[in-house]
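Quick note: numbers below take in every heavy atom, side chains included, and nothing from hydrogens, waters or symmetry partners. Chain naming here is simple, since letters A, B, ... match the order of the sequence lines and numbering starts at 1 in each. Values in this document were obtained by computation on a predicted structure and should not be read as measured data.
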Number of protein chains: 2
Amino acid sequence: MQNNNPNNTSYNNHCCHTHIQGHDNKVKSQKSCISLVPIFNHLENHQMEEIIKVIKSVSYKKGEIIYRAGDQSDSLYIVSSGKIKIYRLSESGKEQLLHILLPGDFTGELALFRESVHESFAEAMEDTSICMITRSDLQKFLEKYPSIALKILSELSGRLDAIEKQTTSFATNSVEKRIADFLVECTKNQEMEFTLPMSQKDLASYLGTTPETISRKLSSLEDEGYIKQLPRRRIRILDLDGLIQNY
Amino acid sequence: MQNNNPNNTSYNNHCCHTHIQGHDNKVKSQKSCISLVPIFNHLENHQMEEIIKVIKSVSYKKGEIIYRAGDQSDSLYIVSSGKIKIYRLSESGKEQLLHILLPGDFTGELALFRESVHESFAEAMEDTSICMITRSDLQKFLEKYPSIALKILSELSGRLDAIEKQTTSFATNSVEKRIADFLVECTKNQEMEFTLPMSQKDLASYLGTTPETISRKLSSLEDEGYIKQLPRRRIRILDLDGLIQNY
DNA sequence: CGCTGTCTTGAAGCGTTTCAACACAAGTGG
DNA sequence: CCACTTGTGTTGAAACGCTTCAAGACAGCG
């Protein structure tokens, strides 16, 4: 229960992360995968070993689909290295980006704990390797080590909070405000200068607008002196307080 | 794990429920409160008894606030009878209705499993009684009966799914489509004629629009022959397939 | 180097909001 | 029980924010 440390089991902030995973990607063992995720890394070494025995490691190339809405599933997926985008399609066929998973994040919980089919799509944004643990294996460990269940509960409540916040933002804020919020969010773990974590096209999909509007709003924020756009998707925040207050 | 029955641990559909809770509200014991909720009602009788010993029952009058954003919390709240609305305020002060809890639903999980303060508001929409179980008591039971954790995991994943769907709807659909979807959803458990589960003002807040727009769109749906508006917030669906297909 | 996808910019159009005024219903107190 | 008050729903007209379409500039990748 406890655990009020937001870093502990939280989703990585999708925004503007430093690419921790380095050139030693291929060196990474399955062990690192388990020790990486907050839901398992509090366990004793021998307990982790036990889990490592049953996990399966799979690699995906950039652009490959890991699962689709409607796919049967019985595994939890943990990102070991790389970057995965999770999105939904509305009935009209429009894509909406829900989140970007970074190393240590997991997905597949819906299929695990409720339905047996996915409701969303998962696609590798770059070459990515993931660890999989099957439903029945996970269930064994949940019963054996109830602390894992508590970690997952904490993680899911956190996601619930995050997405409720996002829904409220969609329902009550202008596109301009949502973009400003996103930029402010990007400065949370980082410096005042950072690389946008995704293309403007994806950002548009994430914020529920169009690439044209993203481009225009970024330009107008630049005109007003709040930010400076640099090459290679880099952005420098010039007036953070102004950004926060005026939008 | 198992449990693919969507009815089992799902949020009550907010929409258009029959008021099951009758004139015998006051007769309801704390026992009914526990046996009512999917997260506990699979337990043996003697296990439920154990839980009943530690729960606290509280009543609220219509309009009373059960908790506010920022409030400290260490309890899980289970609705025993009545109706509670959960909403958030955006920074700009706009209210967004997130869901309506009916008997058997619970809330407070965020404060329980993660932060210690609420991010949303809970307000009694009518005279309501709830059962509370404290964090430390709940934790004991989670360890003693891991199946409870699995039920809660299932419930939370289901909510995650529902709210992701809602977010996608905000991001990709017109207001008209969202209203049409809502009406279609209302017919899921009910007849083709039902009472709107909330005022148009609240519905507007729930769907991220204004009361004026709700009123106009309902009128235009009526003009086009899809629905008929009746007194006392009742609606009759005349052409369900049309509603589904044309929006 | 050239191709393909991403970003930019303009102009027109549309859906939704906003404000205001009024009708109507529900709840309260004399 | 009616009059009064308060809140909810309706309707119109104007304004606004965002999308759409189209065309061109630019960057990244094979």
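Comparing A/Thr213 and B/Lys94 against DNA chain C, the residue whose closest nucleotide sits nearer the 5' end is A/Thr213.
Distance CG (B/Leu203) to C1' (D/dT10): 16 Å, rounded to an integer number of Å. The separation between A/Leu196 atom CG and C/dC7 atom P is 9 Å, rounded to whole Å. To the nearest angstrom, C1' of C/dG27 lies 16 Å from NZ of B/Lys61. Residue B/Arg232 contributes atom CZ, which lies 13 Å from atom P of D/dG9 at whole-angstrom precision. Atom NZ of B/Lys62 and atom C1' of C/dG27 are 9 Å apart (whole Å). Taking atom CZ on B/Phe170 and atom C1' on C/dG15, their separation rounds to 16 Å, with Å as the unit. Distance, B/Lys177 NZ to C/dC14 C1': 20 Å, rounded to whole Å. Rounded to whole Å, atom P of D/dG9 lies 16 Å from atom CG of B/Leu221.
By the 4.5 Å heavy-atom criterion applied to side chains, B/Glu222 and B/Lys228 are counted as neighbours.
Atom OG1 of A/Thr209 sits about 6.5 Å away from atom CD1 of A/Ile179, to the nearest 0.5 Å.
A rotation axis mapping the C1' atoms of four pairs onto the next four is fitted at both ends of the helix from C/dC1-D/dG30 to C/dG30-D/dC1 over five pairs, and the angle between these axes is 50° to 10 degrees.
Ranking D/dC18, D/dT8, C/dT17 by closeness to the B/Thr209 side chain, first place goes to C/dT17. Distances from the side chain of A/Thr210 to the nucleotides C/dT16, D/dT8, D/dT20 place D/dT20 closest. When each of D/dG9, D/dT19, D/dA22 is scored by its nearest atom to the side-chain atoms of A/Glu212, the top-ranked nucleotide is D/dA22. With C/dA26, D/dG28, C/dC7 as the choices, the nucleotide that has an atom nearest any side-chain atom of A/Lys201 turns out to be C/dC7.
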Test side-chain hydrogen bond (donor to acceptor under 3.5 Å, both in side chains) applied to B/Thr168 and A/Gln96, step by step: CA-CA 6 Å; B/Thr168 300; A/Gln96 200 230 343; 3.0 Å; yes
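OP1 or OP2 of D/dC18 lies within a sub-4.0 Å distance of a side-chain N or O belonging to A/Lys217. Contact annotation: A/Ser215 side-chain N/O to C/dT8 OP1/OP2 distance is under 4.0 Å. Phosphate contact (OP1/OP2 of C/dT8, side-chain N/O of A/Gln200, threshold under 4.0 Å): present. Between A/Arg233 and C/dT6 there is no side-chain N or O to OP1 or OP2 distance below 4.0 Å.
At a threshold of 4.0 Å, the pair B/Glu91-A/Lys177 counts as salt-bridged, since one of the basic side-chain nitrogens sits closer than that to a carboxylate oxygen. Using a cut-off of 4.0 Å between Lys/Arg side-chain N and Asp/Glu carboxylate O, B/Asp105 and B/Arg159 are scored as not salt-bridged. A salt bridge links B/Asp202 to B/Lys85: one of the charged nitrogens lies within less than 4.0 Å of a carboxylate oxygen.
Aromatic ring centres of A/Tyr226 and A/Tyr247: separated by under 6.0 Å.
For the pairing with B/Tyr77, the ring pair (Phe, Tyr, Trp, His ring centres under 6.0 Å) check across B/Phe106, B/Tyr60, B/Tyr67 returns one residue only, B/Tyr67.
One cannot find a donor-acceptor pair under 3.5 Å joining the base of C/dG15 and the side-chain atoms of B/Arg216.
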